[in-house]
Amino acid sequence: MELLSPAGGTAQLKAAIQSGADAVYMGGPKFGARYSAQNFTLDEMRTMIEYCHLYGADAHITVNTLIKETELEEAARYLYALNDMCADALIIQDLGLARLAREIIPDMPLHASTQMTVTSQEGVKYLKAAGFSRVVLARELSKEEIYGICRSTDIEIEVFVHGAICMCYSGQCLMSSILGGRSGNRGRCAQPCRLPYELVKDGKAKAHGYLLSPKDMALIEELGELEKIGVTSLKIEGRLKRPEYVSAVTGVYRKYLDYPSRVSRGDLRELQDAFSRSGFTDGYFTSRLGKEMMSHENPSNAPKNTFTEEAKKRAEENANIRKIPVNISASLIIGSEPEVVIYDNDGNYASAKGGAICEKADSRPIDTERVKKQLEKLGQTPFEAERTDVFANEGVTVSISALNEARREAAKTLTDMRSQRVPGRKCGFEIPAAVKREPETAIVCSVRTREQARAASEAGIERIYAPAWVVDASNSAFVTALSPIYHSEEIKTRGVLAPSGAAVWAYSDRELYGDFRLNVTNSMTANAFEGLKSVTLSPELNLGEIKAVTEKMQIPAEVIGYGKIGLMLMKNCPVKALGHCRRDGGEYRLRDRKHEEFSFICHEGCVCELLNSKPIFMADKMRELLETNIDYIRLVFTDEDYRQCKEIIQLYKAALCMNKIKNPFEVNGFTRGHFFRGVE
């Protein structure tokens, strides 16, 4: 299995390589999901990719943020640059960016980021068809689920094995974005999950602490199981961590990959001392969810960082510990310059000649054992001699300086040969053309209860998204809203609201509507779903950005114009982790430091969704909405009753007819979402 280590900067990358990483993942100046990491300039990246290649390691580049319409040209230039510097793979979240990469750098391997929330074999099959050669699975999967996925595909599967885990499924968190304007999908997460909260039931506090803060993951004791399952790559989290952390964690995992055995207490302590939040968890992998997975008392690094001398040595700036085995041979032929050949086990041969002539010795010929020792003085090169041979005429002599010169030149040539690779093909890029659009905007609704569905139906809504248990199959207006985390469901309607690529793959024989969880922020991504009846754009776009996308969309566009946006999707329910359950009765909410209260929704498989405390309201800004050329405005009903649903629908219908309406909410009782601000 490949050991894949984080490289937030040059020191971290070198520490990873010197500690035995088979590959590293690193980010450039833009489009990476760790904006606050040191990251790399293009020149630094080129140098560090060559450094990786020298040691036979691969460099995977994170291009794993959502791309805005105005960034497509810049993203294309960046992809060309990465191709030119011979990056080994791109880690991508945005499906449109993946389509762009396939068009302009078709030889570049694409890895689907964990931000794509892949939890099923259907999701893997969808991404394989989209051109990906590797999928990084969601961290929430059990070993049985990972095994099922590995058995069902022939593309590479990568899993996280160590480091921080998010409370929310990656790629589905809008909490930092909606509450603070810093988008995790754009690499700027403010980590509101690491703040204190109260759990309240029917208005009374039941618990308090860091209720959304999980422990770090550690699967060091599951390496044998992962190999049996068929995992390709083991990923260590930590592009924001220091070089010593990278060195320590990589070194321990390298040790047990090379020499499988029971993990010692000392090595477990080394991992904990490097970084942990009240210990580690393997809860997702072993299906042991609950309080034991959480760090309710402390959201930060629990121990004071201490590192072994070995870990610190590997993290030193000019560490030269990892050596590449080579064979060396020297030819000492009278009348010719001495020739030194150095070759590795990968088929690379480098030769060089000294600047003097080998001569017949008058008295003492050169000692071949001394020649061998001289040739093996590889010093600060990354090489070490595995075997050394000397082929010499009888009685030959030559200056040691000539031998040294030939050895140095051959080593330099071999270094260059190992560092350099041939870039893949490059093809031209054309900006998507504008599409003529004259939409007649209509209102659609999402509902969760039968009374909400009745209100929408009585109001004449012609498309109603509803979960399977609410759907009225006799009413053609109903479209089944699938659970946000994919699992197979019995569908009784012709139409399906698809929140994932897995759902698009599994229900391709239905009329498909794309949900906002597809994270569509540019026209290339929207057009990648060209077979769908419509696509809901990301709620992280502002009005101008929405218009820029719709101008080039080939399918109808939808936005969420009303409702409480889902901030998080969680497999480890924070209510259950405290010994409670919504099914026992009562209304549970999460209360923050500003006394805002966030309600919960339960989905199939006990997936818990945390809702924003305030609904988006845009009926009184209808003119601005319509100027974006959208086709549908969706009203999302979660905890509204029948009367409230009818009132909201009538307000939006009146606003759509350009009638003047009154905002029914108090000043602090609603939000405009990102329509007027957006995210960076």
Side-chain angles (χ1 to χ4, degrees), residues 166-169 172-180 184 189-214 289-291 293-297 299 446-449 451-452 467 470 483-485 539 560 562-617 635-645 648 664-673:
C166 297
M167 188 65 180
C168 178
Y169 283 88
Q172 301 303 321
C173 186
L174 292 172
M175 195 169 188
S176 175
S177 171
I178 297 296
L179 301 186
C189 181
Q191 294 193 310
C193 52
R194 303 296 183 185
L195 297 175
Y197 295 91
E198 280 187 318
L199 181 70
V200 298
K201 180 182 180 182
D202 299 328
K204 295 183 179 179
K206 305 296 289 185
H208 67 276
Y210 300 95
L211 306 185
L212 299 178
S213 179
L289 308 183
K291 187 174 182 178
M293 284 190 65
M294 304 303 294
S295 182
H296 285 159
E297 304 301 320
S446 286
V447 301
R448 286 196 54 79
T449 67
E451 68 172 2
Q452 292 170 352
V470 173
S483 294
I485 300 302
I560 295 175
Y562 171 82
K564 293 180 179 178
I565 293 289
L567 301 180
M568 278 192 176
L569 287 173
M570 298 166 281
K571 183 170 184 178
N572 191 32
C573 173
V575 181
K576 272 193 169 183
L578 291 164
H580 305 283
C581 185
R582 294 183 68 244
R583 293 174 181 171
D584 297 335
E587 181 66 27
Y588 287 95
R589 293 175 181 268
L590 203 66
R591 181 186 291 159
D592 70 7
R593 299 173 301 168
K594 299 179 180 179
H595 303 287
E596 296 285 350
E597 293 190 359
F598 308 86
S599 55
F600 297 98
I601 287 177
C602 292
H603 296 280
E604 287 293 315
C606 212
V607 172
C608 178
E609 183 173 10
L610 183 68
L611 300 178
N612 195 13
S613 59
K614 301 173 183 177
I616 293 171
F617 186 79
L635 314 181
V636 176
F637 297 119
T638 50
D639 54 8
E640 292 85 353
D641 59 26
Y642 172 84
R643 180 193 59 80
Q644 291 170 320
C645 290
I648 293 297
F665 294 96
E666 296 178 0
V667 173
N668 294 319
F670 70 98
T671 176
R672 302 295 188 189

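Remember, predicted model here, so these are calculated numbers, not experimental data.
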Colleague: If you define the side chain from C-beta out and look only at heavy atoms, does anything of Pro299 sit under 4.5 Å from Gln191?
Modeller: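 When only atoms from C-beta onward are counted, Gln191 and Pro299 do not touch, as no gap falls below 4.5 Å.
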Colleague: Once you round to the nearest 0.5 Å, how far does SG of Cys193 lie from CE of Met568?
Modeller: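 The SG atom of Cys193 sits 5.0 Å away from the CE atom of Met568.
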Colleague: Please determine whether the number of non-hydrogen atoms from other residues, nucleotides or ligands lying under 6.0 Å from atom CD of Glu297 exceeds 12.
Modeller: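 Atom CD in Glu297 is not packed in, count stays at 12 or less.
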Colleague: Would you indicate whether the side-chain heavy atoms of Tyr169 and Pro484 approach each other to under 4.5 Å?
Modeller: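 Not touching, per the 4.5 Å side-chain cut-off.
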Colleague: For a quick test of reading the model, state the closest non-hydrogen atom pair linking Val200 to Ala205 and the distance between them.
Modeller: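 Here Val200 and Ala205 meet closest at CG1-CA, 3.9 Å.
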Colleague: Should Cys608 and Lys576 be marked as a side chain to side chain contact (heavy atoms under 4.5 Å, CB included) after you check the CA-CA gap, both sets of side-chain angles, and the distance that decides it?
Modeller: CA-CA 10 Å; Cys608 178; Lys576 272 193 169 183; over 6 Å; no
Colleague: Which heavy atom in Leu211 sits nearest to a heavy atom in His296, and how many Å separate them?
Modeller: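 Between these two residues, the closest heavy atoms are CA-CD2, 3.8 Å.
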Colleague: Of all the heavy-atom pairs spanning Phe598 and Ser613, show the shortest one and how long it is.
Modeller: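 In terms of heavy atoms, the two residues are closest at CD2-N, 3.4 Å.
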Colleague: Quick one, Met167 with Met294, criterion side chain to side chain contact (heavy atoms under 4.5 Å, CB included). Give me CA distance, side-chain angles, the key distance, then yes/no.
Modeller: CA-CA 9 Å; Met167 188 65 180; Met294 304 303 294; 3.7 Å; yes
Colleague: Hey, what do you get for CG (Asp592) to CE (Met175), rounding to the nearest 0.5 Å?
Modeller: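 Atom-to-atom, Asp592:CG and Met175:CE are 7.0 Å apart.
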Colleague: Can you measure from CG (Leu567) to SG (Cys173) and round to the nearest 0.5 angstrom?
Modeller: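 Rounded to the nearest 0.5 Å, the CG-SG separation comes out at 7.5 Å.
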Colleague: Kindly indicate whether the side chain of Val470, heavy atoms from C-beta on, has any atom under 4.5 Å from the side chain of Arg448.
Modeller: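 The answer is no, as the side chains (C-beta and beyond) never meet within the 4.5 Å cut-off.
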Colleague: How far does CG of Leu289 sit from CE of Met570, to the nearest 0.5 angstrom?
Modeller: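 Rounded to the nearest 0.5 Å, the CG-CE separation comes out at 13.0 Å.
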Colleague: Please find the pair of heavy atoms, one from Pro539 and one from Leu174, that lie closest to each other, and give the distance.
Modeller: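 That would be CG-CD1, 3.8 Å.
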Colleague: Please evaluate residues Asp639 and Ile601 with respect to the criterion side chain to side chain contact (heavy atoms under 4.5 Å, CB included), reporting the C-alpha separation (whole Å), side-chain torsions for both, the decisive distance (0.1 Å), and the verdict.
Modeller: CA-CA 9 Å; Asp639 54 8; Ile601 287 177; over 6 Å; no
Colleague: Output yes when a side-chain donor or acceptor of Arg194 lies under 3.5 Å from a complementary backbone atom of Pro214, and no otherwise.
Modeller: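 Yes: the side chain of Arg194 pairs with the backbone of Pro214.
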Colleague: After noting the C-alpha distance and the side-chain angles of Leu212 and Leu590, does the key distance pass the side chain to side chain contact (heavy atoms under 4.5 Å, CB included) rule?
Modeller: CA-CA 10 Å; Leu212 299 178; Leu590 203 66; 3.7 Å; yes
Colleague: Is there a side-chain contact between Ser599 and Glu587 in this structure, where contact means two heavy atoms from C-beta onward sitting under 4.5 Å apart?
Modeller: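 Result yes, sub-4.5 Å side-chain heavy-atom pair found.
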Colleague: What are the two closest heavy atoms between Gln452 and Thr638, and how far apart are they?
Modeller: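 Between these two residues, the closest heavy atoms are NE2-O, 3.0 Å.
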Colleague: What I'd like to find out is whether the side chain of Tyr210 reaches to under 4.5 Å of the side chain of Ser295, using heavy atoms alone.
Modeller: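 No, side chains not in contact.
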Colleague: Sub-3.5 Å donor-acceptor pair from the side chain of Thr671 to the main-chain atoms of Gly673, do we have one?
Modeller: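 It does hold such a pair.
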Colleague: Distance from Ile616 atom CD1 to Phe670 atom CZ, nearest 0.5 Å?
Modeller: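 Spacing of CD1 (Ile616) from CZ (Phe670) equals 11.5 Å.
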Colleague: Do Lys201 and Val575 have side chains that get closer than 4.5 Å, going by heavy atoms?
Modeller: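 A side-chain contact under 4.5 Å is absent here.
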Colleague: Tell me the closest heavy-atom pair linking His580 and Leu578, and the distance in Å.
Modeller: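 Taking His580 first and Leu578 second, the nearest heavy atoms are CD2-O, 3.2 Å.
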Colleague: How about Cys645 and Glu640: do any of their side-chain heavy atoms sit closer than 4.5 Å?
Modeller: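 Sidechains of Glu640 and Cys645: in contact.
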Colleague: Report the distance from atom CZ of Phe600 to atom CG of Leu610, rounding to the nearest 0.5 Å.
Modeller: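 These two atoms lie 5.5 Å from each other.
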Colleague: Any side-chain heavy-atom pair from Pro192 and Tyr197 closer than 4.5 angstrom?
Modeller: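 In contact.
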